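The structure under discussion appears below in the form of structure tokens.
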Amino acid sequence: MVLSIQQQRAAEKARVEAFRETCADDTVNAAIDKWLETFDDFDASKPASEALVAALETVAASGSASADDKSAAETILRYKDQLSKKTFWMFGGDGWAYDIGFGGLDHVLASGEDVNVLIVDTEVYSNTGGQSSKATPLGAVAQFAASGKKRPKKDLGGMLMTYGNVYVAQVNMGADNAQLMKAMKEAESFPGPAVIVAYAPCLSHGIKLGMAKVQDEMKRATDAGYWNLYRYDPRLETPFHLDSKEPTLPYEEFLDGEVRYASLKRTFPDNAKELFEEGSRLAAKRYEKLKNHQ
């Protein structure tokens, strides 16, 4: 879809530029110049496109315009839906992005095309029964990990930042909605691939507060250093910005609020002690690494 729209807009741009070469109407030419100037500006291209359409419609309906000008204006108007810049968002879960579709995602990002990706991370294969996945954190209980996940969660954001030309953000609506909106606007404006990884609790987590309190649970995740917030924008001299504050909630206190962790203390207490201590240590180490990344 991205490549198709790019080709269609390029063809429309060529038609407008050709018309600019022959058009003698100063009003129309001013509208064309403004449109060409804002061709790749998502916010500015819409009003510029609307102004150009109005100017071209005047030419097409004019009794004094030449036949060639009327024909050129009518042809451009036939494809006027391609005048304004389009936005593209891919939307998927962690099972696709971290695991079964990672090769395809990697291929798209490596292409350098202007496409945005929103990844909803539930940390488990939610839609197939709650199986453990590469997104499942250390110590979590899930199908095929009844005694607690033995390996840490895959750091997708960290991997994507190594490209150097991909906008990357890790967000959490319940912890900081303003940071989420800022990341989405920055991703939209970034002239290349952009990825936002969003924390998304689900039924499989067994939230003790209940699903009605998901936003509160999300805030607790960031307060505990379990889910950090950051933005990486290659356009900036200092690309990385850590948006999370120092953890204020004990890591294990957050884990105790979810059945996927708390149940491990009853079924495999020795595993729980070892895995939760390791998880807490890794969370602290991860935060320090991000803090020093700035």
Side-chain angles (χ1 to χ4, degrees), residues 1-92 104-105 107-120 165-169 171 177-196 198 231 233-236:
M1 289 175 66
V2 172
L3 298 177
S4 170
I5 293 298
Q6 283 180 353
Q7 290 184 9
Q8 292 180 65
R9 292 198 75 220
E12 182 74 333
K13 186 178 184 181
R15 286 188 284 267
V16 173
E17 289 174 331
F19 184 44
R20 178 68 175 83
E21 292 293 323
T22 61
C23 182
D25 188 314
D26 291 341
T27 302
V28 175
N29 287 338
I32 290 176
D33 291 342
K34 184 63 177 179
W35 178 77
L36 290 171
E37 179 187 326
T38 61
F39 184 79
D40 281 321
D41 187 324
F42 180 71
D43 292 321
S45 80
K46 184 177 180 180
S49 297
E50 290 172 348
L52 178 56
V53 167
L56 292 172
E57 286 176 341
T58 300
V59 173
S62 173
S64 59
S66 68
D68 287 343
D69 282 358
K70 288 168 69 73
S71 176
E74 288 168 355
T75 302
I76 294 169
L77 288 170
R78 192 178 306 145
Y79 305 100
K80 64 182 180 181
D81 60 318
Q82 298 302 333
L83 288 172
S84 61
K85 178 174 168 57
K86 307 298 185 287
T87 177
F88 294 93
W89 284 87
M90 298 168 64
F91 179 84
L105 175 65
H107 184 71
V108 169
L109 299 179
S111 74
E113 299 293 350
D114 188 6
V115 59
N116 307 301
V117 185
L118 177 62
I119 298 167
V120 179
N165 67 333
V166 178
Y167 177 93
V168 184
V171 303
N177 188 51
Q179 187 258 0
L180 162 65
M181 297 307 298
K182 183 181 292 186
M184 295 193 76
K185 286 186 70 68
E186 289 176 349
E188 176 55 60
S189 68
F190 185 71
V195 178
I196 296 178
R231 288 167 293 126
D233 190 338
R235 292 171 293 188
L236 304 179

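Note that this is a predicted model, so its numbers are computed, not measured.
Residues passing the side chain to side chain contact (heavy atoms under 4.5 Å, CB included) test with Phe88 are Met1, Val2, Ile5, Lys86, Val115, sequence neighbours excluded.
Residues Leu109 and Val195 are in side-chain contact: their nearest non-hydrogen atoms beyond the backbone lie under 4.5 Å apart. When side chains are defined from C-beta on, Val171 counts as touching Gln179, because their heavy atoms get closer than 4.5 Å. Here the side chains of Leu56 and Val53 are not in contact, with every heavy-atom distance at 4.5 Å or above. Contact of the Leu180 side chain with the Met184 side chain is registered, since non-hydrogen atoms from C-beta on lie closer than 4.5 Å. Phe190 has its side chain within reach of Pro234: a pair of non-hydrogen atoms, C-beta onward, lies under 4.5 Å apart. Put simply, the side chain of Ile32 reaches to within 4.5 Å of the side chain of Leu36, judged on heavy atoms. The side-chain heavy atoms of Pro47 and Lys34, taken from C-beta on, include no pair separated by under 4.5 Å.
Applying the side-chain hydrogen bond (donor to acceptor under 3.5 Å, both in side chains) test to every pair with at least one member in residues 37-57, sequence neighbours left out, gives these pairs: Trp35-Ser49.
Checked for salt-bridge contact, Glu12 and Arg15 meet the test: a charged N lies under 4.0 Å from a carboxylate O.
Without hydrogens or angle criteria, Arg9 side chain to Phe39 main chain gives a donor-acceptor distance under 3.5 Å. Between the side chain of Asn116 and the main chain of Thr87, no donor-acceptor pair closer than 3.5 Å is present.
A distance of 9.0 Å separates CZ in Phe42 from NZ in Lys185, rounded to the nearest 0.5 Å. Here the CZ atom belonging to Phe19 is positioned 4.5 Å from the CG atom belonging to Asp69, to the nearest 0.5 angstrom. Note that NZ of Lys85 is 4.0 Å distant from CG of Asp114, once rounded to the nearest 0.5 Å. Considering OG of Ser66 and CG of Asp25, their distance stands at 10.5 Å, rounded to 0.5 Å.
Of all non-hydrogen atoms in Ala31 and Ala51, the two that sit nearest each other are CB-O, 4.3 Å.
Checking each of Gln8, Gln6, Gln7 against Ser4 for a side chain to side chain donor-acceptor pair (under 3.5 Å) leaves exactly one that passes, namely Gln8.
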Review item, side-chain donor-acceptor pairs of residues 70-78, under 3.5 Å, at least two apart:
residue : atom : partner : partner atom : Å
Lys70   : NZ   : Ala60   : O            : 2.8
Lys70   : NZ   : Ser62   : O            : 3.0
Thr75   : OG1  : Ser71   : O            : 2.9

